[in-house]
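Since the structure comes first, as structure tokens, the remarks are kept for the end.
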2 protein chains.
Amino acid sequence: MTVLDSSSATASSQVFEALKRDLIRGQFKAGEKLAISSLKSHYQVGLSPLREALNRLSAYGLLEQVNQRGFRVPAMRLEELDDIANLRSQLECMALTQAFQNGDAEWESLLVAAHHRLRRADEKPEQIEEWEQAHLRFHRALLAACGSSWLLRFIEQLHDQFDRYRRMAPPNPEVRRQLDAQHGELVEYALNRDISGGRALLDDHIRLSHDVARGCCDV
Amino acid sequence: MTVLDSSSATASSQVFEALKRDLIRGQFKAGEKLAISSLKSHYQVGLSPLREALNRLSAYGLLEQVNQRGFRVPAMRLEELDDIANLRSQLECMALTQAFQNGDAEWESLLVAAHHRLRRADEKPEQIEEWEQAHLRFHRALLAACGSSWLLRFIEQLHDQFDRYRRMAPPNPEVRRQLDAQHGELVEYALNRDISGGRALLDDHIRLSHDVARGCCDV
DNA sequence: ATCGATTAAAAAATCGATTTTATAGAGACT
DNA sequence: AGTCTCTATAAAATCGATTTTTTAATCGAT
């Protein structure tokens, strides 16, 4: 049973966030059909806010809705992973270029701060969720200054999709070490405004995760 | 009062489609707060399917939801129009390249067919909606063979956003003539697999609509 | 045994009513 | 007059029950 906080947010948006997290974490089996009544008791909400959350999640692409047949978790397809990784790489390199061109001192300091928090989160390997959040925020901070809110929106969406695949892979300390090193290098490139270096590294960074995820995506 | 058809689609998805169309058509004032009860009577549906549709539309970006304060139509901002047009241009050129590389005979014939329907729709100027639909389908057909479903998804979303601005502009026969000519040329480039020519033209095509829309977007 | 139709059960979708929250307006005070 | 609080109203969000549709099981026929 997941307890929802009692902030001013509506029940609907709380379930949305909780369900989104769980879908990306892989708490549901790929291709599985969601049993609404069990979700109701699991997340402790009524039918209306739950259905509203499910509708938002299907518009976002983390669920599929079939008319009169409810909601299902999208299947994992190798072809789709490749599509997501490839497009993510292209869009993020595009954003990186603009961010390196437009970024100001404020952007730099937020990026350095996000990187610091990521390194700190790295120290406690037992709390994956904290690291995941710090990781997402780091990548957000890297591109935040790109100046295009629609580009950032699509990148965020692809990142969530990508993570759904990436998080299927078992933890690999060696890969993790490499990825962490790349995060540090990305900050260096950002501060030096080295666009071509940054693009190449970001591309490698995504490719490395992609290759790992690829190994766990059957069919 | 909008009458909904009686197909097998759920009330929820029918309102979604109808509302989406009306939002893009500019039937609601930009920045306006939606009065749920009046929507209920206008679209002749109950509260639940209506709210589900509104939730999907905000996840899609055609509405904004504020906690405990309902749904509102996003404001029109010149800055956002520029962002949308610019990103749309980049993503569509990316897709065009891939479509021209991957497209087969089936793609060619569907494109030619879509173009034909667009020209036919052009003949009856009184029925804007038919032309709009044919126009959307033509642009879909042009890029359909790009091979990336996520890229197509984002392009569709941007196209809808763009149209919300474009359709504010009053009809301009001269511009329309130019755009129509470009559609024909795009087909030519597609059949010849002329990627650089196609990209340049598609870029011009979007820029032309962008310039027109820009004139009607105050602030 | 397989296919098709019929029906019972389960699940999805929708409705109407209730609860909660925001908003606007009246009155009291500075 | 302006600001504050309180209250009445309106709107949003949620709940519980009903309706509709799908799914699964049963029976009969080929």
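We name chains A, B, ... by the order of the sequence lines, and we start the count at 1 in each one. These numbers were taken from a predicted model, which means no experiment stands behind them.
The nearest whole Å value for the distance from the CG atom in Leu47(A) to the C1' atom in dA11(C) is 11 Å.
One finds no salt bridge joining Glu130(B) and Arg120(B) here, because no Lys/Arg side-chain nitrogen approaches an Asp/Glu carboxylate oxygen to under 4.0 Å. A salt bridge is absent between Glu132(B) and Arg21(B): the closest approach of a Lys/Arg side-chain nitrogen to an acidic carboxylate oxygen does not fall below 4.0 angstrom. For the pair Asp22(B) and Arg25(B), the salt-bridge criterion is met [side-chain N within less than 4.0 Å of a carboxylate O].
Annotation: proximity of residues 66-75 of chain B to DNA chain C (heavy atom, distance under 4.0 Å) is found for Gln68(B), Arg69(B), numbered in ascending order. Near DNA chain C, meaning a heavy atom under 4.0 Å away, the residues from residues 29-37 of chain A are Lys33(A), Leu34(A), Ile36(A). For DNA chain C, no neighbouring residue in residues 54-62 of chain B is found when judged by any heavy atom under 4.0 Å.
Of all nucleotides in DNA chain D having an atom under 4.0 Å from a heavy atom of chain B, the first and last in 5' to 3' order are dA12(D) to dT14(D).
Sorted by first then second residue, the salt bridge (charged side-chain N to carboxylate O under 4.0 Å, His left out) pairs that include residues 136-149 of chain B, not counting sequence neighbours, are Arg140(B)-Glu156(B). Judged as a side chain to side chain donor-acceptor pair (under 3.5 Å), the pairs with a partner in residues 99-117 of chain A (not counting sequence neighbours) are, in order, Glu108(A)-Arg193(A).
Annotation: side chain to side chain contact (heavy atoms under 4.5 Å, CB included) contacts of Lys33(B) (sequence neighbours excluded): Arg72(B). Residues meeting the side chain to side chain contact (heavy atoms under 4.5 Å, CB included) test with Gln65(B), sequence neighbours left out: Arg56(A), Arg51(B), Asn55(B), Ser58(B), Phe71(B). Applying the side chain to side chain contact (heavy atoms under 4.5 Å, CB included) test to Arg176(A) and every residue at least two apart in sequence or in another chain returns Asp122(A), Trp131(A), Asp180(A). Evaluation of the side chain to side chain donor-acceptor pair (under 3.5 Å) rule for Glu92(B) yields Arg88(B) as partners, not counting sequence neighbours. Partners of Ile24(A) by side chain to side chain contact (heavy atoms under 4.5 Å, CB included), not counting sequence neighbours, listed by chain and number: Lys20(A), Leu62(A), Asp160(A), Asp163(A), Arg167(A). Arg207(B) pairs by the salt bridge (charged side-chain N to carboxylate O under 4.0 Å, His left out) definition with Asp203(B), not counting sequence neighbours.
With hydrogens and angles ignored, the 3.5 Å screen pairs no side-chain donor or acceptor of Ser89(B) with any backbone N or O of Asn86(B). Under a 3.5 Å cut-off, the side chain of Gln14(B) and the backbone N or O of Ala9(B) do form a donor-acceptor pair.
Using Watson-Crick or G-U wobble geometry with both donor-acceptor distances under 3.5 Å, dT19(C) finds its partner in dA12(D).
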